[in-house]
Amino acid sequence: MTLRRPKNGLIALIATLLTAFLVLGIPAGSAQADTTDDGQEITQFYFAGNITFEGQPIDGVSVSVDGHGFDATTKTDADGKWRLYVPEKEKYTLAVDEDTLPDGVIVDTEQLPAGVAAVDGTSGSFEAEFGLTGTKIINLFLGEGERITVSFADQLISRTVGGINFGLLLALASMGAALIYGTTRLSNFAHGEMVTWGGVAALLVTSFWQLPLWLGLIAAVVGGAILGWALDAGIWRPLRRRGLGIVQLLIVSIGLSLALRYVLQYMIGGGTYQLPGASPDPIQFGPVSLSYIDLIGMGVSIVVIAAMGWFLTRTRVGKATRAISDNPQLAAASGIDVDRVVRIVWILAGVLAAISGVLWTYFRPGVRWDMGMQMLLLMFCAITLGGLGSTLGALIGSIVVGLAVEVSTLWIPSDLKYASALLALIVILLVRPQGLFGRRERLG
């Protein structure tokens, strides 16, 4: 697709608005009320305990929890105490960062409490599960010994597969947003809420109304299509006909994003909810641990992406979509009904966002009213990296972002992993400013 490269002033304005949106989009009071000092979201389930060596508490030991698409990290305080909140009552893997322990000291696996088992091949990782309550106390005692760790190659393979899994579900949402930009030149800040709506629709049907999961999945897809159609018919088409500029439409999309987000919060509240079958036991494939839901999610993503490729290259509407993205005036002059094609694009974008939302609720288990906003910056990062308006670029950009986010945790703390995606974006744009599959605008 031929893309028009935005002028520098517009890029700067978009960047400023994006920063303001991310800073102002979250109420300041909610972060203080619902999170700990180290940034954890407070839930009703948590692991906690003390770490001691020869009867003395150890300060500054890093402890992490991982499992079912969730991860968090904290450190012991001066009394050796730590606490890690998790979204649901399931089995998780806890790990002590041995680099933060005194030299020559490991966790004494012979003094592990009931319900906690050491992971084979490691000396600092443990599988822990809750009892009858939502609290699990795990006191860890240190002793002298030899440290055993998972090899770097195994960790690299595991995180690479995780990055591809994450990149595929991110690609579904990014491709829809790229289609919208390609045909309307609109950077849709409300696309995150379209992703959230997919998870919420499935939640309403399955958990709130107690209907089968397959009905919830159908409702999510149909609901996504209806939302895409309604947004274009009720808001974007009338605004386009009034001749609003790109910046004005951008500001409208930011306001729409905020409005939709709090409507979704009103519908389901501020908690985290689970879809049926969430967090199944993982299946081990050598060093890679995947659940059957992960495998299904990756398969669905590949099939949907392949179907989108066929639609854009083989069907009349798909070819018209590409023509409008290349040159909307020429496409209209050649007899293409631009409004009809744009309406179809919005419906497809809604469907893709809804599917991505459902997969996201299983990948990082739980439906939250603001979960789409967590993906928004990564979506824009993938779209910009791949080339604005290019669906193929959005796909490749999403895979690059997914790999950067997951693999980077081999070298940097997991709290900073999303920053690695922005670093990858900066590096690629320095070499190729138009993105991987974008085209430079010819001057003169």
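For reference, positions follow the sequence shown, starting with 1. Given the structure is predicted, the values throughout are model-derived calculations rather than measurements.
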Test item: [X] and [Y] side chains (from C-beta on) under 4.5 Å apart, heavy atoms:
X	Y	answer
W82	V61	no
S301	L172	yes
V200	W369	no
L395	T391	no
N139	N50	yes
L348	F311	yes
M308	I305	no
E406	T160	no

side-chain hydrogen bond (donor to acceptor under 3.5 Å, both in side chains) evaluation trace for T36 with D38
CA-CA 5 Å; T36 62; D38 56 359; 2.3 Å; yes

For [X] versus [Y], what's the shortest heavy-atom pair and its separation?
X	Y	result
I180	A349	CD1-CB, 3.6 Å
V195	S356	CG1-C, 4.4 Å
A220	V358	CB-CG2, 3.7 Å
R322	L312	CD-O, 3.0 Å
T76	D59	O-OD1, 2.9 Å
E193	L264	O-CD1, 4.0 Å

Any side-chain to backbone donor/acceptor pair from [X] onto [Y]? Under 3.5 Å, distance only.
X	Y	result
S158	Q155	no
T43	P87	no
H191	A173	yes
S257	S253	no
D97	D99	yes
R261	L256	no
W197	G223	yes
R364	T361	no
T100	S62	yes
T321	V317	yes

One pair to check against side chain to side chain contact (heavy atoms under 4.5 Å, CB included): L422 and Y418. What are the steps and the verdict?
CA-CA 7 Å; L422 300 179; Y418 292 121; over 6 Å; no

Roughly how far, to the nearest 0.5 Å, is the [atom2] atom of [Y] from the [atom1] atom of [X]?
X	Y	atom1	atom2	result
L170	M375	CG	CE	5.0 Å
I138	L94	CD1	CG	4.5 Å
N188	Y181	CG	OH	13.0 Å
N165	L359	CG	CG	8.5 Å
M267	L260	CE	CG	10.5 Å
L385	I426	CG	CD1	11.0 Å

The test is side chain to side chain contact (heavy atoms under 4.5 Å, CB included); show your working for V96 and F126 and say whether it passes.
CA-CA 9 Å; V96 176; F126 315 92; 4.3 Å; yes

Heavy-atom count check: over 12 atoms from other residues, nucleotides or ligands less than 6.0 Å from W214 CH2?
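No, CH2 of W214 has 12 or fewer neighbouring heavy atoms, counting only those of other groups under 6.0 Å.
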
Taking atom CD of Q265 as the centre, report whether more than 12 heavy atoms of other residues, nucleotides or ligands fall under 6.0 Å from it.
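Yes, the 6.0 Å shell around CD holds more than 12 heavy atoms from other groups.
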
May I ask you to check whether F166 and W360 place their ring centres under 6.0 Å from each other?
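When the ring centroids of W360 and F166 are compared, they turn out to be within the sub-6.0 Å range.
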
When you look at V304 and M175, which way does the side chain to side chain contact (heavy atoms under 4.5 Å, CB included) test go after all the steps?
CA-CA 11 Å; V304 173; M175 290 173 68; over 6 Å; no

Among residues at least two apart in sequence or on other chains, which ones pass side chain to side chain contact (heavy atoms under 4.5 Å, CB included) with T409?
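T409: side chain to side chain contact (heavy atoms under 4.5 Å, CB included) contacts with R159, S414, K417.
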
Sequence-distant partners of F130, ring-ring contact (aromatic ring centres under 6.0 Å, His included), two or more places apart
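Only F47 meet the ring-ring contact (aromatic ring centres under 6.0 Å, His included) criterion with F130.
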
Going by salt bridge (charged side-chain N to carboxylate O under 4.0 Å, His left out), name the residues that satisfy it together with D294, two or more places apart in sequence or in a different chain.
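Here no residue qualifies.
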
Classify the ring geometry of F208 against Y273: parallel below 30°, tilted from 30° to 60°, perpendicular beyond 60°.
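Answer is perpendicular, since the angle exceeds 60°.
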
Derivation and outcome, side chain to side chain contact (heavy atoms under 4.5 Å, CB included), residues I399 and L168
CA-CA 6 Å; I399 299 297; L168 286 173; 3.9 Å; yes

